[in-house]
Amino acid sequence: MSKPTPISGFPEWLPAQRMIEQNVVEKIRSTFELYGFAPLETRAVEPMDQLLRKGETSKEVYVLRRLQEDPAAGGGDDALGLHFDLTVPFARFVLENSGKLQFPFRRYQIQKVWRGERPQEGRYREFLQADIDVVDRDTLPFHYDTEMPLVIGDAFRSLPIPQATILVNNRKVCEGFYRGLGLEDPDQVLRTVDKLDKIGPEKVAALLVETAGATDAQARACLRLAEISTGDASFVDAVRALGVSNALLDEGLEELVRVVDAAAEHAPGLIRAELKIARGLDYYTGTVYETQLRGYERFGSICSGGRYENLASAGNERFPGVGISIGVSRMLGLLFGHGALSVSRSVPTCVVVALPHEDLRGRCDGIARALRSRRISTEVAPSAAKFGKQIRFAERRGIPYVWFPGAGGEPDTIKDIRSGEQVEADAATWTPPAGDLLPEVSGAR
RNA sequence: GUGGUCGUAGCUCAGCUGGUAGAGCACCGGGUUGUGGUCCCGGGGGUCGCGGGUUCAAGUCCCGUCGAUCACCCCA
């Protein structure tokens, strides 16, 4: 049998990286809970018609099929697919369980999702997302739109990663502006303007004239709007200066100001109003978020979301929501790729108990048990090799301490192999410095 | 899903116009007969991503495929 090879787009981390991931996820999770988001996990699969309810994303959905299956039965409305985000399954869950939930309902979900896209650095087919959403019945107060970035800001500040900037826009601003200009197809304009960074203003203007029925003047105005980017509420003056008036535009500006002002008060420097960002998903109706990491701008957003007015609705019931999702795998993949994250050791072990002789394994196991009973991660050396080798066993793994059972009635000793310092110790009482108890994750090298 | 670039030891790479694989680091052993990291000596390890083709002969040329990466699409 030949050597197995990776499957494109399905990353597998080494233990050291997995420890970083677990550490990062735990910090994100605790931040979410600090804000009162309740834990939720939904199944990995959804009926295809649920997944395809919004937008034409069908080509990226992985379909579930049994090996022994009647070919004629596949592909119906009841076919199953792996979820490609956590918002759509959540919307379904809310509709299904609305009678058992209290509203406004705020929950977090940290789960794998799957997309059949072509992988690249930081883009995978199987990846982890950490998502928060708030939904309410009929209407959802706007202040939740201002809260989302603050939660994310706190989560990111708890991690040893480069500075994150959340870019915010509001679809009402764009749509209102375009309509105020007299453009009939705001969605088409939005899609075109979204290409600004890739193809440049000249080509966008030409495309607007070509595909969205814009005049040269209208196209120029759209570009002027897209240029606006401010860290405070001054974007309003910049928009007003373009001389377009429209009720929806006014509403959008007012909302966007509230988001920016809230961040200015609680998390200065976290947010920029960036009027060119659009977001691909078509269920967003108001606020939209994207997030860049300093130094990693070219890799795009590692955390995005927005306001959706109609995603969770069935019959008379309607549950508008707002949410944002951290692309954990994407973020880690990028940082790993640039050597920007490290752990103090490659295993959880804090202490290796040296084994002087195989006959003493029982005594060494006892020492390990005593340490473990006080939550100190301990393993006993694999074999009674020379002490030099046993120390090297620990060193290779970054394990900071080696415990030496005392011979012939001598007291035990413990050696910090980083400093070489070795002192007497009692397994019933010895405790490592707080910083050595668990592996420490840090940024850069 | 479409197109481009790349793919030699665990890692970084060398291998000229085709002549059946090499270095540094890492790893293992010994010097140092039970306390590592330096130094010296020695050693193991490669179906040259995989499969097919051209050729007397392919790591080297051709085709396919898988993987990585980039652009498009889309997006975490």
Side-chain angles (χ1 to χ4, degrees), chain A residues 1-12 14 28 55-62 83-87 109-132 152 164 191 194-195 197-199 277-282 284 288-293 296 298-306 323-335 337 339 352 354-358 360 381 383-407 413-422:
Chain A
M1 184 138 156
S2 58
K3 188 176 177 178
T5 55
I7 298 175
S8 186
F10 292 77
E12 296 182 306
L14 292 168
I28 291 171
E56 300 181 45
T57 47
S58 57
K59 63 182 177 183
E60 60 183 41
V61 172
Y62 277 103
H83 58 222
F84 57 86
D85 73 2
L86 299 175
T87 308
Q109 265 177 265
I110 302 174
Q111 289 180 241
K112 288 277 180 66
V113 305
W114 295 267
R115 289 181 197 174
E117 290 175 357
R118 185 73 115 222
Q120 288 180 23
E121 183 172 17
R123 309 185 61 188
Y124 307 110
R125 293 180 151 181
E126 176 180 73
F127 59 98
L128 191 65
Q129 285 195 327
D131 185 277
I132 49 172
I152 297 302
R191 276 194 296 276
D194 195 39
K195 298 177 194 292
D197 285 340
K198 303 224 165 167
I199 65 177
I277 72 162
R279 306 266 58 241
L281 293 176
D282 55 2
Y284 294 123
V288 289
Y289 314 99
E290 284 196 3
T291 308
Q292 293 180 340
L293 278 191
Y296 297 83
R298 80 176 185 88
F299 294 100
S301 176
I302 56 147
C303 172
S304 5
I324 188 163
S325 191
I326 301 173
V328 178
S329 303
R330 181 196 195 80
M331 181 174 80
L332 292 177
L334 293 175
L335 295 173
V352 169
L355 184 64
H357 190 279
E358 196 55 45
L360 294 173
S383 66
K386 289 196 224 174
F387 282 154
K389 279 197 192 174
Q390 302 199 39
I391 291 171
R392 203 157 61 189
F393 173 92
E395 187 194 15
R396 292 283 148 74
R397 293 162 177 75
I399 299 166
Y401 297 99
V402 177
W403 189 283
F404 292 95
T413 56
I414 187 155
K415 181 187 185 89
D416 180 336
I417 65 173
R418 296 160 301 187
S419 64
E421 187 189 7
Q422 188 164 348

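Numbered from 1 within each chain, the chains take letters A, B, ... in sequence-line order. Side chains are part of it too, since the values below use all heavy atoms of this structure and drop only hydrogens, waters and symmetry mates.
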Exercise for the section: Report yes if a side-chain nitrogen or oxygen of A/Q120 is closer than 4.0 Å to either non-bridging phosphate oxygen (OP1 or OP2) of B/A71; otherwise report no. Expected result: yes

Handout entry: Aro-ring/base stack A/Y124-B/A76, d under 5.5 Å, angle under 30°
Key = no

Exercise for the section: Determine which nucleotide pairs with B/G46, using a 3.5 Å limit on both distances of a Watson-Crick or G-U wobble pair. Expected result: none

Exercise for the section: Just call it for A/G122: base, sugar-phosphate, or nothing, with non-hydrogen atoms closer than 4.0 Å on any strand. Expected result: base

Practice task
Would you mind classifying the nucleic acid contact of A/G9 as base, sugar-phosphate or nothing, using non-hydrogen atoms under 4.0 angstrom?
Solution key: sugar-phosphate

Problem - Rounded interatomic separation in angstrom, taking CG from A/D85 and C1' from B/C74 - result: 13 Å

Completion exercise
As its Watson-Crick or G-U partner within any shown strand, both distances under 3.5 Å, B/U20 has none

Handout entry: Base partner of B/C75, which must satisfy Watson-Crick or wobble distances under 3.5 Å
Key = none

Problem - Presence of A/R397 side-chain N/O under 4.0 Å of B/G36 phosphate oxygens OP1/OP2 - result: no

Practice task
Could you work out the separation of B/A9 and B/G22 based on their P atoms and round it to a whole Å?
Solution key: 14 Å

Practice task
Provide the distance between the two P atoms, one in B/U32 and one in B/G46, to the nearest whole Å.
Solution key: 32 Å

Problem - A/R396 side-chain N/O to B/C28 phosphate OP1/OP2 under 4.0 Å - result: yes

Problem - Presence of A/K389 side-chain N/O under 4.0 Å of B/G29 phosphate oxygens OP1/OP2 - result: yes

Handout entry: Selected nucleotide, minimal atom distance to A/R118 side chain, candidates B/C74, B/C75, B/C72
Key = B/C72

Practice task
Please give the nucleotide sitting opposite B/C61 as a Watson-Crick or G-U wobble pair, both distances under 3.5 Å, or none.
Solution key: B/G53

Practice task
Hunt down the Watson-Crick or G-U wobble partner of B/A26, both distances under 3.5 Å, from any strand shown, or write none.
Solution key: none

Practice task
Would you kindly check whether a donor in the side chain of A/R123 faces an acceptor in the base of B/A76, or vice versa, at under 3.5 angstrom?
Solution key: no

Handout entry: Phosphate-side-chain proximity, A/K195 and B/C72, N/O vs OP1/OP2 below 4.0 Å
Key = no

Handout entry: Complementary nucleotide for B/A9 - Watson-Crick or wobble, under 3.5 Å
Key = none

Exercise for the section: Give A/E117 one of three labels, base, sugar-phosphate or nothing, depending on what nucleic acid heavy atoms sit under 4.0 Å from its own. Expected result: base

Exercise for the section: Respond yes when some side-chain nitrogen or oxygen of A/T5 is under 4.0 Å from OP1 or OP2 of B/C66, and no when none is. Expected result: no

Exercise for the section: Let me know the distance between CD of A/E395 and C1' of B/A26, rounded to the nearest Å. Expected result: 13 Å

Problem - Separation between the C1' atoms of B/U60 and B/G1, rounded to whole Å - result: 33 Å

Handout entry: Spacing between A/H83 atom NE2 and B/A76 atom P, to the nearest angstrom
Key = 14 Å

Practice task
Spell out yes or no: do the side chain of A/Q390 and the base of B/U35 have one donor N/O and one acceptor N/O closer than 3.5 Å?
Solution key: no

Problem - Pairing partner of B/U32 (Watson-Crick or G-U wobble, both distances under 3.5 Å) - result: none

